[in-house]
Amino acid sequence: MKKVKINPHLKHLTIDHLYHLGLDTGMDLKKMFGDVRFVCMGGSADRARAFAEQLVKEFDGSSRDLKPIGKTERYTLYKVGPVISAAHGIGMPSLSVFMHEITKLLHYAACVNPVLLRIGTSGGIGLEPGTVVVTEEALNAGLEGFYELFILGERKRFSARFNHGINAQIMLANKSLRVVSGKTVAANCFYEEQTRLDGALDPGYTEIDKMVFLKRAYDLGVRNFEMESLQFGAFCNRAGLEGAVICVTLVDRLKGDQITATPEALSRYSERAQQAAINFIRTRLAL
Ligand code: R2B
Ligand code: URA
């Protein structure tokens with residue numbers, strides 16, 4: 001049984017308030033969450049709900065009235081059988097708070113070998129929109145392979161290379177979907193750090209500069225841009241948690257910056273990433 005590498009200071013807390021989730025250790029977290037084996041997360045509350053609805057169909061066969069657990073002021077969390085479906089908001093600071101509190105929740109609930117999946121959207125490089133990318137390694141927007149935090153005023157760097165075993169299982173479970181693996185750039189901005197030319201500010205670079213950078217990233221093995229995989233991967237590595245990032249591409253950045261797909265197409269794309277996760281979960285549960 002794999003255990004979360006948890007902070008030893010936590011044992012001094014009488015009650016631990018998972019403030020942003022609206023849960024605390026005065027509640028019977030083991031009863032509420034003890035059977036959780038997968039935590040699936042993405043940026044948006046609408047997608048967390050849609051995924052929970054899909055899980056109900058896939059695993060339960062009944063249409064229940066899904067209600068979020070805890071508070072929804074910052075994040076949204078549903079539970080369907082052994083799967084949590086949650087929304088972590090946009091960007092690494094938002095995800096970081098969620099990762100700390102959900103990991104403590106898994107620890108207090110004594111969950112056995114939980115797997116964390118980020119199921120998200122991204123901008124692809126040289127890929128047809130709707131392609132699903134499984135992240136091998138996350139890079140920052142300087143194309144460097146570490147997540148950086150200042151702790152006690154000092155710069156700390158953490159690698160965000162993903163577990164080859166779980167990625168191979170995801171690929172194997174999805175042979176019939178359009179799924180590729182590659183590096184992912186986790187940017188701190190949707191616009192300039194992703195080399196867009198359509199932000200509010202004059203970026204100080206040209207279309208040619210942009211294409212040179214995209215080509216450099218592509219040659220390094222980068223296949224998509226999003227905004228969280230670096231923090232997610234570094235956190236999973238530090239906590240000893242199995243984790244993977246499965247993102248669908250909404251746009252091919254070699255062809256443009258704006259997301260112009262119709263709402264119907266965008267929802268179909270999102271469903272592809274969710275389906276890839278469900279196919280993996282199904283094979284894991286069958287093992
Ligand atoms: C992908 O999409 C969001 C920005 O639109 C962000 O959360 C991400 O990583
Ligand atoms: N999310 C991103 O961060 N970038 C994109 O281009 C699309 C979705």
Side-chain angles (χ1 to χ4, degrees), residues 39-51 74-76 85-99 102 116-143 147 160 162 180 182-200 203 207 210-211 213-215 217-218 222-236 243-263 265-274 276-277:
V39 180
C40 299
M41 60 189 87
S44 106
D46 282 0
R47 268 191 282 123
R49 185 177 179 88
F51 188 62
R74 300 287 185 179
Y75 304 108
T76 311
S85 173
H88 55 59
I90 288 191
M92 293 190 254
S94 178
L95 176 64
S96 162
V97 174
F98 179 79
M99 290 296 279
I102 200 75
L116 274 61
L117 300 176
R118 175 172 137 68
I119 308 166
T121 56
S122 64
I125 309 183
L127 299 172
E128 189 187 330
T131 304
V132 174
V133 181
V134 177
T135 302
E136 284 165 12
E137 183 183 6
L139 309 180
N140 65 21
L143 306 179
Y147 173 62
F162 285 84
V180 301
K183 294 182 187 168
T184 297
V185 167
N188 280 316
C189 169
F190 186 79
Y191 291 97
E192 287 156 299
E193 277 211 347
Q194 298 190 28
T195 347
R196 282 188 153 86
L197 285 161
D198 60 346
E207 176 72 21
K210 172 180 109 179
M211 294 311 279
F213 177 75
L214 291 178
K215 167 98 176 39
Y218 187 91
V222 175
R223 292 295 173 270
N224 61 344
F225 285 100
E226 45 80 271
M227 298 175 64
E228 293 87 10
S229 55
L230 190 61
Q231 195 281 332
F232 178 90
F235 191 99
C236 289
V245 174
I246 304 171
C247 284
V248 75
T249 62
L250 306 182
V251 60
D252 180 359
R253 293 297 317 288
L254 298 182
K255 301 202 172 130
D257 293 343
Q258 297 250 311
I259 314 250
T260 54
T262 61
L266 291 174
S267 132
R268 267 201 320 279
Y269 295 163
S270 276
E271 278 165 22
R272 290 174 58 79
Q274 294 181 344

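Ligands are counted one by one from 1 in listed order, and the atoms in each one are counted from 1 as well.
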Next on the checklist: If you count every heavy atom of other residues, nucleotides or ligands that lies below 6.0 Å from R272 atom CZ, does the total exceed 12?
Outcome noted: yes
Checklist entry - Is R268 salt-bridged to E271, cutoff N-O under 4.0 Å? => result no
Next on the checklist: Below 30° counts as parallel, above 60° as perpendicular, anything between as tilted: where do the rings of F98 and Y75 land?
Outcome noted: tilted
Next on the checklist: Taking non-hydrogen atoms within less than 4.0 Å of ligand 2, which protein residues qualify?
Outcome noted: T121, S122, G123, F190, Q194, R196, F225, E226, M227, V251, I259
Checklist entry - Do L127 and R223 come close enough that some side-chain heavy atom pair is under 4.5 Å? => result yes
Checklist entry - Do any N or O atoms from the side chain of E228 and from the backbone of M92 form a donor-acceptor pair under 3.5 angstrom? => result no
Checklist outcome for this item: Between T121 and R118, the two heavy atoms sitting closest are O-NH2, 3.8 Å
Item to check | Option passing side-chain contact (heavy atoms from CB on, under 4.5 Å) with K183 (candidates N224, V222, I125) | outcome: V222
Next on the checklist: Can you list everything that forms a side-chain hydrogen bond (donor to acceptor under 3.5 Å, both in side chains) with Q231? Sequence neighbours excluded, please.
Outcome noted: none
Side-chain donor-acceptor contacts of residues 187-194 below 3.5 Å, not counting sequence neighbours, with atom names and distances?
residue : atom : partner : partner atom : Å
E193    : OE1  : N188    : N            : 2.6
Q194    : OE1  : R196    : NH1          : 3.0
Q194    : NE2  : C189    : O            : 3.3

Checklist outcome for this item: Output for ligand 1, non-hydrogen cut-off under 4.0 Å, lists I90, R118, T121, F190, E226, M227, E228
